[in-house]
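All heavy atoms count here, side chains included; hydrogens, waters and symmetry mates do not. Atoms within each ligand, like the ligands themselves, are counted from 1 in listed order. Predicted model, so just to flag it, every value in this text is computed and none were measured.
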Amino acid sequence: MGSKKIVGLTLMGILIACANIFAQGNMPDPLTMSDGRSVQTPTAWRTERGPEILELFRKYVYGRTPDKPFTLKATVAEKSPNVFEGKVSRKQVSLDIRHEGKNLAIDLLIYLPKGREGKPVPVFTLLNFGGNHTTHPAPEIPLPKSHVRENYSPPEKFRGAKSSRFPIEEICARGYGLVTAYYGDIDPDFHDGFANGAHGLLDAQNERRDDSWGAVSAWAWGLSRIMDYLQTDDEVDHDRIAVLGHSRLGKTALWAGAQDERFSIVISNCSGCSGAAISRRRKGETLKDINKNFPHWFCENYKRFNDREEELPVDQHLLIALIAPRPVYVASATLDKWADPEGEFLACVLASPVYKLLGFDGVGANALPNPDTPLFKGRIGYHIRTGKHDLTSYDWKCFMDFADIHWGASLSRK
Ligand code: GTR
């Protein structure tokens with residue numbers, strides 16, 4: 001089949017999907033309050049509709065993160081000023097987070113470009129799936145001390161195994177830094193009854209309710225703790241810290257960015273169901289699939305909407321809208337049907353009116369772009385890459401081009 005025909009079919013798919021969705025008449029409008037009032041000013045968005053949507057996602061989807069006091073101590077565990085032939089410096093920092101006598105350790109791996117004459121570095125922050133040692137073969141990077149899933153065991157076998165997802169040299173060559181941590185340090189990715197990780201740290205026993213936080217919320221909480229640390233690191237540009245995530249960690253990046261405004265760019269890669277994709281389409285993974293296969297990711301209330309997506313008072317375009325007016329980028333892949341690329345793009349289209357209200361262009365298009373043709377028109381960026389569910393150097397190139405545009409133009413250079 002020629003590429004024109006594929007694109008034509010996809011376009012038709014989007015149009016039919018839009019028509020179906022609006023015909024259903026139950027797609028939540030970002031600019032209408034639950035009580036029917038219309039949201040007409042930036043102030044009404046900031047003070048009423050935005051907080052209302054955030055609360056709905058807490059109550060029905062990701063769960064409520066406990067608002068409890070903790071202390072955070074950072075210790076530099078390793079520093080190598082000359083890696084990648086002296087072009088890059090590496091730093092490993094251990095975070096020790098404490099609450100009522102319990103503690104949680106998160107190990108950070110940080111790469112920064114050299115030769116910036118002391119100027120703070122804009123960075124991309126992303127969690128990894130298998131341990132920091134999977135991002136690069138260097139023996140100085142320790143194996144994780146927290147629980148590791150079967151597909152990354154035994155850990156030593158996976159040293160450097162995911163380096164294609166972390167093109168450190170390319171990132172640093174463009175003047176950016178990379179901050180990563182293992183998501184299992186924050187919360188384990190299996191149903192442990194919410195006993196360990198951030199849940200074990202902050203939850204009181206027998207405290208679980210239908211809107212209590214799941215693992216995605218815990219990982220997002222961990223990203224905010226990494227942000228707490230980055231705000232104290234003088235080598236990092238505190239106004240230019242992006243959060244990025246792939247797949248389940250793409251869902252996490254969106255939820256972290258929606259809650260924590262210190263992330264000045266938010267990037268979701270192949271995030272799919274309960275990430276960027278519109279749930280009401282029921283294409284690819286559905287709420288029933290995700291709640292059945294990953295019962296620990298979301299709150300208990302979310303399960304009430306299995307096969308009843310149209311009753312959910314939110315859909316995922318509202319999660320993207322919560323990031324407004326900050327720049328957000330959504331990336332899909334042509335073969336990643338499970339993540340519903342058309343649904344991911346549709347969410348960008350449906351979030352765009354909020355950006356407009358706040359004085360900016362959203363995605364700036366109504367039709368799915370051709371593969372490998374990124375949309376950089378407004379503050380919602382989008383591309384669909386040829387290929388499978390993955391995070392590649394092509395995706396990174398697009399994210400960095402997007403960051404060049406928004407961090408270069410919208411914030412004063414330091
Ligand atoms: C799949 C899951 C997706 C996606 C992916 C991943 O099995 O159905 O929602 O998150 O895992 O994170 O790798």
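In this structure, Lys59 places its NZ atom where only 12 or fewer heavy-atom neighbours from other residues, nucleotides or ligands lie under 6.0 Å away.
Tyr394 does not carry Arg385 over the face of its six-membered ring by the limits of under 6.0 Å from the centre and within 45° of the normal.
Residues meeting the ring-ring contact (aromatic ring centres under 6.0 Å, His included) test with Phe124, sequence neighbours left out: Tyr176, Trp396, Trp407.
Across every non-hydrogen atom of Ala218 and Trp213, the tightest pair is CA-CZ3, 3.6 Å.
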When you pair each N or O of ligand 1 with protein N or O atoms, which pairs come out under 3.5 Å?
from	atom 1	to	atom 2	distance (Å)
ligand 1	8 (O)	Glu285	OE1	3.1
ligand 1	8 (O)	Glu285	OE2	2.5
ligand 1	8 (O)	Trp338	NE1	2.8
ligand 1	9 (O)	Lys251	NZ	2.8
ligand 1	9 (O)	Glu285	OE1	2.6
ligand 1	9 (O)	Glu285	OE2	3.4
ligand 1	10 (O)	Ser247	OG	3.3
ligand 1	10 (O)	Arg248	N	3.1
ligand 1	10 (O)	Lys251	NZ	3.4
ligand 1	11 (O)	Arg248	NH2	3.0
ligand 1	12 (O)	Ser247	OG	2.7
ligand 1	12 (O)	Arg248	N	2.8
ligand 1	12 (O)	Arg248	NE	2.5
ligand 1	12 (O)	Arg248	NH2	3.3
ligand 1	13 (O)	Ser247	OG	2.8
ligand 1	13 (O)	Arg248	NH2	3.3

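Tested against His136 for a ring-ring contact (aromatic ring centres under 6.0 Å, His included), the candidates Phe158, Phe84, Phe166 yield a single pass: Phe84.
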**Trace of the ring-ring contact (aromatic ring centres under 6.0 Å, His included) decision for Tyr329 with His383** = CA-CA 8 Å; Tyr329 198 101; His383 74 249; 5.4 Å; yes
